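Here is the structure we will look at.
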Amino acid sequence: MVLDNLGSSLRGTLDNLRGKSRISEEDVEGVVKEIQRSLIQADVDIALVQDLSDSIKGRALEEEPPAGTSARDWVLRIVYEELVELLGESTELPLEEQTILLAGLYGSGKTTTAAKMAWWFSKKGLRPAVIQTDTDRPGAYDQSKQMAENAEVDFYGDPDEDDPVKIATDGLEATADADVRIVDTAGRDGLNEDLIDQIERIEAAVNPDRNLLVLDAAMGQSARDQARDFEDAIGINGVAITKLDGTAKGGGALAAVDQTDSTIAFLGTGETVKDIERFESSSFVSRLLGMGDIEQLAERVERAMEEAQEEDEEWDPEDMLEGQFTLRDMKKQMDAMNRMGPLDQVMDMIPGMGGGMMDQLPDDAMDMTEERMRDFEVIMDSMTDDELENPRTIGASRTKRIARGSGKPEERIRELLQQHKMMDQTLQQFQGMGDADMERMMQQMQQQGGGPGMGGMGGGGGNPFN
């Protein structure tokens, strides 16, 4: 997850209150001190940290917690609400026809963000197009075109044209059938008159519905000044923060943007076109504090299952709840999981499964799990159709043959068969359940932070504010 160190530190601080029914002033002082340290390490402005910690301290000592609420859950609620307030609301971004202009300096990630945003809109049922107007940076056209192809969206650019304004106007005409046009512009090392003039001319030509500024998360607190400079120069309606997957300064960038008149629209969390998410402060802080993000998880699951079905129209995931659960079904499930993104990101979205529990796992735990899943896929590729449909037919001789064909040890094949057996037993518990029974089980799983088939990995958790 983004800002792992900040999240881990905050969770560790709050866990010091476990088991306490009442909270003393000394407890609050200790928690606030650790929160200050965590936020300053994440490059959040010191004055802002002081204001935030004063609010947390005042509320924790002066407000009366609801009956039956533990000290930890009460302080957790206060920290959650104050962080959500600090980060502010999301940029308004309706799902309708519109033209979006992207601005930013060299290296901010505009070209990648344009393709990511286009992919995001396409998954919302709209037809997007990317228009590349950067005539200054060598390779901008080729990179943008490749990224658009990866995102499977329309693209327009003209490597032989030197006038970015003409490219923009020609691009609007060429992509007239698109619902959302995303116009990518050139950058500079700094915001100078040449860049301002170029963006203003492009803006006048395309008349965008909104201007979004793209900022590198590594800028930290200086993101505030850059956001203000661009706002004064061309006016911006929102910000996309990129590269949040690899910087300790992300907290500073997030907090700094909200100290301007801007809001945050998107977060870039990786290198592929799918590594983008709509910024919602409540969901972001919820994951940061280890409380999960059911809405984001449900969206990824639905999208992944739809993509898996598109590739194999004969496979229907609902069949798993009615008939026999085969290795072919398991393979499709694993394929869908791969489409959801890195495993650690997915785990962070599950209440009780991310956050504190992830902190307790070895650093390479997720890598080892993903490696094991890749091994399983290679093994299943070496099986016959009959073996995939009837895994009980796989005995010692077939195991040896599959091991030779896949290049994997026999022990790994037995692990796969055991994993399939456990998943089959779990699904059998769901078969024949009515809606009321299913709802009760899901509530129990959320309260316990896990459920059957999770291998005992679930811990306490869930959102204490429901």
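All values reported here derive from a predicted model rather than from experimental measurement. The figures that follow rest on heavy atoms only: side chains count, while hydrogens, waters and symmetry mates do not.
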Residues forming a salt bridge (charged side-chain N to carboxylate O under 4.0 Å, His left out) with [X], sequence neighbours excluded:
X    : result
D162 : none
E389 : R328
D134 : R137

**Asked** So does R414 pair up with E411, basic N to acidic O under 4.0 Å?
**Response**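 E411 and R414: salt-bridged.
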
**Message:** Do the side chains of R37 and E34 get close enough for a salt bridge, i.e. N-O under 4.0 angstrom?
**Reply:**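 A salt bridge links R37 with E34.
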
**Request:** Decide yes or no for F121 and D179: does some side-chain heavy atom of the first lie under 4.5 Å from some side-chain heavy atom of the second?
**Result:**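 No - every pair of side-chain heavy atoms lies 4.5 Å or more apart.
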
**Message:** Side chains of L95 and L126, heavy atoms from C-beta outward: is any pair under 4.5 Å?
**Reply:**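 With C-beta onward as the side chain, the pair touches.
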
To the closest 0.5 Å, what do you measure between [atom1] ([X]) and [atom2] ([Y])?
X    : Y    : atom1 : atom2 : answer
T113 : F266 : OG1   : CZ    : 9.5 Å
I199 : I234 : CD1   : CD1   : 4.5 Å
D163 : I202 : CG    : CD1   : 8.5 Å
R278 : L93  : CZ    : CG    : 4.5 Å
I236 : R210 : CD1   : CZ    : 13.5 Å
E387 : I402 : CD    : CD1   : 4.0 Å

Between [X] (side chain only) and [Y] (backbone N and O only), is there a donor and an acceptor less than 3.5 Å apart?
X    : Y    : answer
S144 : Y141 : no
S108 : L215 : no
D43  : G251 : no
S262 : G238 : no
S122 : R127 : no
S406 : V378 : no
E280 : S282 : no
N211 : G235 : yes
D275 : T272 : yes
R181 : I131 : no

**Message:** side chain to side chain contact (heavy atoms under 4.5 Å, CB included) for T112 and T242? Distances and angles first, verdict last.
**Reply:** CA-CA 9 Å; T112 302; T242 64; over 6 Å; no

Nearest heavy atoms of [X] and [Y], plus distance in Å:
X    : Y    : answer
T133 : T185 : OG1-CA, 3.4 Å
L105 : G190 : CD2-C, 3.6 Å
V206 : A168 : CG1-CB, 3.7 Å
E82  : L52  : CB-CD1, 3.4 Å
K116 : G268 : NZ-CA, 4.2 Å
I167 : G157 : CG2-CA, 4.5 Å

**Request:** Go through the structure and list residues passing ring-ring contact (aromatic ring centres under 6.0 Å, His included) with F279, not counting sequence neighbours.
**Result:**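 Once residues adjacent in sequence are excluded, F279 has no partner under the ring-ring contact (aromatic ring centres under 6.0 Å, His included) criterion.
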
**Prompt:** Who are the ring-ring contact (aromatic ring centres under 6.0 Å, His included) partners of F376, not counting sequence neighbours?
**Reply:**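 F376 satisfies ring-ring contact (aromatic ring centres under 6.0 Å, His included) with no residue once adjacent residues are dropped.
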
**Request:** Please test V285 against L86 for side chain to side chain contact (heavy atoms under 4.5 Å, CB included), starting from the C-alpha separation and ending with a verdict.
**Result:** CA-CA 10 Å; V285 173; L86 169 68; over 6 Å; no

**Request:** Give the C-alpha distance, both sets of side-chain angles, the deciding distance and a yes or no for salt bridge (charged side-chain N to carboxylate O under 4.0 Å, His left out) between E415 and R412.
**Result:** CA-CA 5 Å; E415 285 180 21; R412 192 62 114 199; 2.9 Å; yes

**Message:** We want to know whether D225 and S222 form a side-chain donor-acceptor pair, criterion being a heavy-atom distance below 3.5 angstrom.
**Reply:**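 No, no side-chain donor-acceptor pair sits under 3.5 Å.
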
**Prompt:** Using a distance-only test with no angle check, is there a side-chain donor-acceptor pair under 3.5 angstrom linking N150 and Q146?
**Reply:**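 Distance-only check passes for N150 and Q146.
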
**Item:** Pairs where residues 185-200 contributes a residue and the test salt bridge (charged side-chain N to carboxylate O under 4.0 Å, His left out) is met, not counting sequence neighbours
**Value:**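 Matches after skipping sequence neighbours: D136-R188, R188-D194, D197-R201.
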
**Request:** Applying side chain to side chain contact (heavy atoms under 4.5 Å, CB included), run through T91 and V239 and close with a yes or a no.
**Result:** CA-CA 8 Å; T91 304; V239 173; over 6 Å; no

What do you reckon, is [atom1] of [X] surrounded by more than 12 foreign heavy atoms closer than 6.0 Å?
X    : atom1 : result
E271 : CD    : no
I46  : CD1   : no
E89  : CD    : no

**Prompt:** Are M330 and L416 close enough, and set up right, to give a side chain to side chain contact (heavy atoms under 4.5 Å, CB included), and what steps lead you there?
**Reply:** CA-CA 10 Å; M330 183 176 174; L416 167 62; 3.6 Å; yes

